[in-house]
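Beneath this line is the structure, given in structure tokens, with notes to follow.
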Protein chains: 2
Amino acid sequence: MIIKITLRDQVKSFLQDQMMNGELSFGERISLPVLAKKLNVSVTPIREALTQLQHADIVEAIPNRGFFLPLPNIEKVSELYPIIANLEYLGVSESTYSEKDINRLEALFEKENTFDNPVDRIQSDIKFHELLLKNYKNDALKSFLYDLKLRVFLYEFYYMEDANLAQTSSNYHKNIIASLKKGNSLKAADLIKESWLTSIQFIQQHFKQKAS
Amino acid sequence: MIIKITLRDQVKSFLQDQMMNGELSFGERISLPVLAKKLNVSVTPIREALTQLQHADIVEAIPNRGFFLPLPNIEKVSELYPIIANLEYLGVSESTYSEKDINRLEALFEKENTFDNPVDRIQSDIKFHELLLKNYKNDALKSFLYDLKLRVFLYEFYYMEDANLAQTSSNYHKNIIASLKKGNSLKAADLIKESWLTSIQFIQQHFKQKAS
DNA sequence: ATTTGTAAAATCGTATACGATATATTATAT
DNA sequence: ATATAATATATCGTATACGATTTTACAAAT
């Protein structure tokens, strides 16, 4: 079977990868002609990719001005994190984990303290959470979560920049693994949810400090 | 302040309205040239609107074949309904309701038994759920829910076609209102979640019968 | 120096054009 | 009559063109 991928979807993937690699910042403009030249395609698939991301509120479109990443918005943090918290809670609470699954989580956990930059930490954290949902067969939920992670990436950046907070995140992972070893995935789900909800405060604090 | 609305967003709204009015069916093709003539615009904003809906899995795009509404898929029901259930649970559990709010819910409830067709019932049901989330300030969650409702509309159709099931839905509403009157929004949230989760079985049954 | 106004440049939004792919139709062969 | 092959038609995907809007640059006026 032949799978065709349209240019617009390739461009979308390119943009998503860029975001996940921390190559774009708050409020950054995404210029159609610039990106078109860079990717060697016309502006049409570029704008189609961007309008897709616009629908998911991953980028913003201002008519006749262009496409931009959103500006920092504390309110959005308190909207998005509870959604992530509850969706991941749902996934973990309905999952079961084999010994092999737990070993893979532990392997990831061992590595995550070795990273010294926020992007690596976030990517490792995202992998950890994806692995937690590996056994939960719900692609709709996973793609929602993927979009949500794109939307909070830049906030996470400020969280993971702080070594202490990165350690807090890692501690949650340790406790989650411990719960799973006891076969208590409900406790693990609670911890996942809690980890997202507690980080709201820290991120909001960070931006309040910045404002002052 | 002047607000501009692009053609692509107008087209998207048009399509969303069409879906919410039950004017499109499972697997139905959405032809670019046909829709372009109907709306008197070129195909470009049409395809941009459709690619937006494609990103949210509201429509499907098959390269060089076109855009289609999804075909019935029992698995998607068991993916989407739990997501809706949990997101609405979150919203209701964190909401408080004034006497006026409850009166408005009751007014809607009184009307909903008078509808004799599935589309009116679904729209009334959606309004009821929207009203339940009115006090929950989380636009991100609400727009996720809006997209999800679009995706399950056609399944809901088969649910609300059945007068008995419509009655079941209405009973949940009655109990939800009763719980809110007692100031027990947690119980109301439980009922909301339960109402979504129980409907999964009925819908799956419906499609299994059809298959045989 | 700041503000206002004008002109130029850049960018977007939509329409159109055209090649590529898929579907439908017709003709041919079995 | 059915199946296969070839052709014609329709549709999509992308590129390009062009008008409209916005931003930038710069000059003039306060």
Side-chain angles (χ1 to χ4, degrees), chain A residues 1-19 23-71 143, chain B residues 1-19 23-72 143 150:
Chain A
M1 189 199 173
I2 297 160
I3 298 172
K4 307 220 169 176
I5 304 172
T6 57
L7 285 187
R8 63 170 174 264
D9 286 337
Q10 292 182 54
V11 172
K12 184 169 73 171
S13 294
F14 173 83
L15 288 167
Q16 288 169 332
D17 289 347
Q18 266 205 130
M19 288 181 217
E23 291 167 30
L24 299 173
S25 335
F26 283 120
E28 184 161 336
R29 172 181 215 146
I30 301 172
S31 156
L32 297 187
V34 169
L35 193 55
K37 266 176 203 161
K38 186 171 177 182
L39 300 184
N40 223 36
V41 295
S42 78
V43 293
T44 307
I46 304 276
R47 194 178 35 252
E48 283 173 5
L50 284 166
T51 55
Q52 287 189 326
L53 297 176
Q54 177 208 351
H55 181 86
D57 290 324
I58 294 165
V59 305
E60 286 175 7
I62 304 172
N64 292 312
R65 292 227 13 234
F67 293 87
F68 303 85
L69 286 217
L71 289 168
S143 86
Chain B
M1 187 198 175
I2 297 160
I3 297 173
K4 306 218 170 179
I5 305 173
T6 57
L7 284 187
R8 63 168 174 268
D9 286 337
Q10 293 182 53
V11 173
K12 184 169 74 170
S13 295
F14 172 82
L15 288 167
Q16 288 169 333
D17 289 347
Q18 266 203 129
M19 287 181 217
E23 291 168 29
L24 300 172
S25 336
F26 281 120
E28 185 160 336
R29 171 180 216 146
I30 301 174
S31 157
L32 298 187
V34 169
L35 193 55
K37 266 177 202 160
K38 185 173 177 180
L39 300 183
N40 224 35
V41 294
S42 80
V43 295
T44 307
I46 304 276
R47 192 176 39 249
E48 284 172 5
L50 284 167
T51 55
Q52 288 189 323
L53 298 176
Q54 177 208 351
H55 180 88
D57 290 325
I58 294 165
V59 305
E60 286 176 7
I62 304 173
N64 292 310
R65 288 222 20 229
F67 294 86
F68 303 84
L69 286 217
L71 289 169
S143 86
L150 283 175

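Just so we're on the same page: letters track the sequence lines, and every chain starts at 1. Below, all heavy atoms of this structure are taken into account, side chains as well, without hydrogens, waters or symmetry copies.
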Contact interval (first through last nucleotide) of DNA chain D with protein chain A, 4.0 Å heavy-atom: D:dG13 to D:dT23
Using every non-hydrogen atom in the two residues, find where [X] and [Y] come nearest and quote the distance to one decimal.
X       : Y        : answer
A:Asp57 : B:Ser143 : OD2-OG, 4.2 Å
B:Phe67 : B:Gln54  : CE2-OE1, 4.5 Å
B:Val11 : B:Ala49  : CG1-CB, 3.5 Å

Whole-Å distance separating the [atom1] atom of [X] from the [atom2] atom of [N]:
X       : N      : atom1 : atom2 : value
A:Glu48 : C:dC12 : CD    : C1'   : 15 Å
B:Asp9  : C:dC12 : CG    : P     : 16 Å
A:Ile62 : C:dC12 : CD1   : C1'   : 12 Å
A:Leu32 : C:dC12 : CG    : P     : 4 Å
A:Leu35 : C:dT11 : CG    : C1'   : 14 Å
A:Leu7  : C:dT21 : CG    : C1'   : 14 Å

Take A:Gln10 and A:Pro63, find for each the nucleotide of DNA chain D with the closest heavy atom, and name the residue whose nucleotide sits nearer the 5' end. A:Gln10
Taking for B:Thr44 and for A:Asn64 the nucleotide of DNA chain D with the nearest heavy atom, the one nearer the 5' end belongs to B:Thr44
Approximate separation, where rounding is to 0.5 Å, of A:Arg8 CZ and A:Thr44 OG1: 11.0 Å
Hydrogens and angles aside, do B:Gln10 and B:Ser13 bring a side-chain donor and acceptor to less than 3.5 Å of each other? no
Main-chain N/O of B:Glu28 paired with B:Ser25 side-chain donor or acceptor, under 3.5 Å: no
